[in-house]
Amino acid sequence: MAELKYISGFGNECASEDPRCPGSLPKGQNSPQVCPYNLYAEQLSGSAFTCPRSTNKRSWLYRILPSVSHTPFESIDQGHLTHNWDEVDPDPNQLRWKPFEIPKASQKKVDFGLHTLCGAGDIKSNNGLAIHIFLCNSSMENRCFCNSDGDFLIVPQKGKLLIYTEFGKMLLQPNEICVIQRGMRFSIDVFEETRGYILEVYGVHFELPDLGPIGANGLANPRDFLIPVAWYEDRQVPGGYTVVNKYQGKLFASKQDVSPFNVVAWHGNYTPYKYNLENFMVINAVAFDHADPSIFTVLTAKSTRPGVAIADFVIFPPRWGVADKTFRPPYYHRNCMSEFMGLIKGHYEAKQDGFQPGGGSLHSAMTPHGPDADCFEKASNAKLAPERVADGTMAFMFESSLSLAVTKWGLKTCSCLDKNYYKCWEPLKSHFTPNSRNLTETK
């Protein structure tokens, strides 16, 4: 596979044309009477026309045929995709899933199998989110997917993905993420059994978090986000190309006679993009105690309340731990936010054994959580020298201000639910010594 090229920068106003058709971008206007190469001009809007310039998202696509050329959409089987948050009764317990099982291709071919694990809010009012697990054992052949409901943040855990979009191609590997924004058509080629996580947000787009007193540099730097360059295929599809459309939480399909990836050139600031998590510039405490995990935020989808997110994407990357007189692993916590965690690779520091790559955990609003007993004992007695933390590991968190409901698939259908999760805290014991003080207590 030839190395793919990208444009650098988060949210930039970009322009790209396939080198096979030089001069395919119109000069000085968006919608000329006749486009170069007799292409069709089509605008893709990701925001209201009247949004402030700082939040206005749109791109112009110059394509061989407009996307309106298709048969009527018809309802198709949902599988385990849902937006019904009342399928089962609420469960406030700590929940953990073992690695989600990928179907064998010999038993059933699955090209982009979405399994909704939890979510909250309402698609029709453009407010909320869903967390899905995707499981693939075959490529999408003459099929593409379009999410009319929201943005997909895709986190591959096993296997690389070659993603075709209307803006060009992206190669996505574990330890990278991509965002495919609302309304963008995409298709995925896989090269082995593949698994990963998806955070879907309704009505808002992902942004870089504000840095405040951190200053101008740090966390995920804008230049490290990569946007595909224009690439097209002028391909007829005998028997029809299938466009699967997720609309109001339901799946629909239509047919068309050509590949949808027929965009010869484009310009704008509403694009798909990818990011390598290794490029994250880590901020950490260097004296004592913990900074809050918000310092590990890669992307945020803001709510209307200042400082409160519909969803944050947070990572726990390799770093140095140097805090003195401090219990260094994550502290015990009850949180007004909902916390879903996944593991791309390695071993998460607070739970070395039961939390596995390809699995997940959910700690709902105000549900207690924290290190298991073994981690607590080791960290409480460890010699506090500077040490590397999480080398070879990448854990992440989807955090939300919404109270997430788990689906029937997540609680009852999926065989990966770890019903013994609570037992990791059972060995915790009291160390209370009312008649003496801890001699290492800080002054």
Side-chain angles (χ1 to χ4, degrees), residues 1-7 16 18 20 61 63-64 67 76 79 81 100-115 132-147 151-181 183-198 200 226-246 251 253-264 266 271-276 344 358:
M1 182 190 305
E3 184 176 356
L4 300 180
K5 296 181 179 180
Y6 301 92
I7 302 168
S16 182
D18 191 303
R20 292 172 289 177
L61 313 179
R63 55 195 318 151
I64 297 168
S67 56
I76 61 174
L81 178 73
F100 297 98
E101 297 177 2
I102 307 171
K104 299 294 182 183
S106 58
Q107 298 173 348
K108 182 182 179 181
K109 284 194 172 183
V110 179
D111 62 10
F112 187 57
L114 291 177
H115 302 70
H132 312 282
I133 304 299
F134 74 87
L135 306 169
C136 311
N137 58 35
S138 61
S139 299
M140 300 176 72
E141 297 181 3
N142 292 329
R143 283 164 56 88
C144 72
F145 194 94
C146 177
N147 184 0
D151 292 7
F152 275 165
L153 188 158
I154 300 175
V155 184
Q157 184 273 321
K158 181 181 187 298
K160 63 184 179 182
L161 311 175
L162 178 60
I163 304 177
Y164 298 81
T165 79
E166 294 168 281
F167 295 80
K169 295 185 285 187
M170 298 186 293
L171 182 64
L172 193 66
Q173 310 206 46
N175 227 42
E176 295 181 315
I177 63 165
C178 79
V179 172
I180 299 179
Q181 303 193 78
M184 298 177 181
R185 296 178 174 184
F186 66 94
S187 184
I188 295 177
D189 281 354
V190 298
F191 307 91
E192 59 179 297
E193 293 180 349
T194 304
R195 173 177 56 209
Y197 313 84
I198 294 178
E200 178 186 15
L226 302 178
I227 300 164
V229 297
W231 172 88
Y232 76 91
E233 58 178 8
D234 184 9
R235 183 165 65 92
Q236 300 289 320
V237 184
Y241 194 104
T242 300
V243 178
V244 178
N245 183 13
K246 179 176 172 290
L251 294 182
S254 71
K255 296 281 189 179
Q256 57 188 55
D257 294 329
V258 299
S259 166
F261 307 117
N262 61 2
V263 176
V264 178
W266 61 264
T271 68
Y273 54 88
K274 62 175 268 186
Y275 175 75
N276 189 328
I344 298 171

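The model shown is predicted, which means the values in this text are computed figures rather than measured ones.
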* List for me each residue that meets salt bridge (Lys or Arg N to Asp or Glu O under 4.0 Å) alongside Glu141, sequence neighbours excluded, and say none if there are none. =>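 Partners of Glu141 under the salt bridge (Lys or Arg N to Asp or Glu O under 4.0 Å) test: none.
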
* **salt bridge (Lys or Arg N to Asp or Glu O under 4.0 Å) partners for Lys274, two or more places apart** =>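 If we apply the salt bridge (Lys or Arg N to Asp or Glu O under 4.0 Å) test to Lys274, skipping adjacent residues, the hits are Glu176.
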
* Would you please name every residue forming a ring-ring contact (aromatic ring centres under 6.0 Å, His included) with Tyr273, sequence neighbours left out? =>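 Applying ring-ring contact (aromatic ring centres under 6.0 Å, His included) to Tyr273 gives Phe10, Phe225.
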
* Does NZ or CZ of Arg195 fall inside the cone over Phe100's six-membered ring, less than 6.0 Å from its centre and within 45° of the axis? ->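 Relative to the ring axis of Phe100, which defines the angle, Arg195 lies outside at least one limit.
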
* Look at atom CD of Glu101 and say whether more than 12 heavy atoms of other residues, nucleotides or ligands are closer to it than 6.0 Å. =>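 Counting neighbours around CD of Glu101, 12 or fewer heavy atoms of other residues, nucleotides or ligands fall under 6.0 Å, so no.
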
Quick one: side chain to side chain donor-acceptor pair (under 3.5 Å) partners of [X], sequence neighbours excluded?
| X | value |
| --- | --- |
| Asn142 | Arg235 |
| Ser139 | none |
| Ser138 | none |

Separation of [Y] [atom2] from [X] [atom1] (nearest 0.5 Å):
| X | Y | atom1 | atom2 | value |
| --- | --- | --- | --- | --- |
| Ile154 | Leu172 | CD1 | CG | 7.0 Å |
| Ile227 | Phe167 | CD1 | CZ | 9.5 Å |
| Leu161 | Thr194 | CG | OG1 | 6.0 Å |
| Trp266 | Thr271 | CH2 | OG1 | 5.5 Å |
| Arg185 | Ser67 | CZ | OG | 5.0 Å |
| Ile64 | Asp234 | CD1 | CG | 3.5 Å |

* To do: Would you list the pairs meeting side-chain hydrogen bond (donor to acceptor under 3.5 Å, both in side chains) in which at least one residue belongs to residues 158-167, sequence neighbours left out?
  =>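 Residue pairs with at least one partner in residues 158-167: Arg63-Glu166, Lys158-Glu192, Tyr164-Asp189.
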
Partners meeting side chain to side chain contact (heavy atoms under 4.5 Å, CB included) with [X] (sequence neighbours left out):
| X | answer |
| --- | --- |
| Glu200 | Ala130, His132, Asn147, Asp149, Phe152, Tyr202, Lys246 |
| Val258 | Leu65, Gln236, Gln256, Asn262 |
| Lys255 | Thr71, Thr242 |
| Leu4 | Tyr6, Leu162, Lys169, Leu171 |

* Asked: For the residue pair Ala230 and Asp18, what are the closest heavy atoms and their distance?
  ->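 So the two residues come closest at CB-N, 3.6 Å.
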
With side chains defined as the heavy atoms from C-beta onward, is the minimum distance between [X] and [Y] less than 4.5 Å?
| X | Y | result |
| --- | --- | --- |
| Cys136 | Ile102 | no |
| Val155 | Ile344 | yes |
| Cys178 | Met170 | yes |
| Ser187 | Tyr241 | yes |
| Phe112 | Phe134 | yes |
| Val237 | Asp257 | no |

* Give every residue pair that meets the salt bridge (charged side-chain N to carboxylate O under 4.0 Å, His left out) criterion with at least one member in residues 105-114, sequence neighbours excluded. =>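 Only Asp111-Arg143 qualify under salt bridge (charged side-chain N to carboxylate O under 4.0 Å, His left out).
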
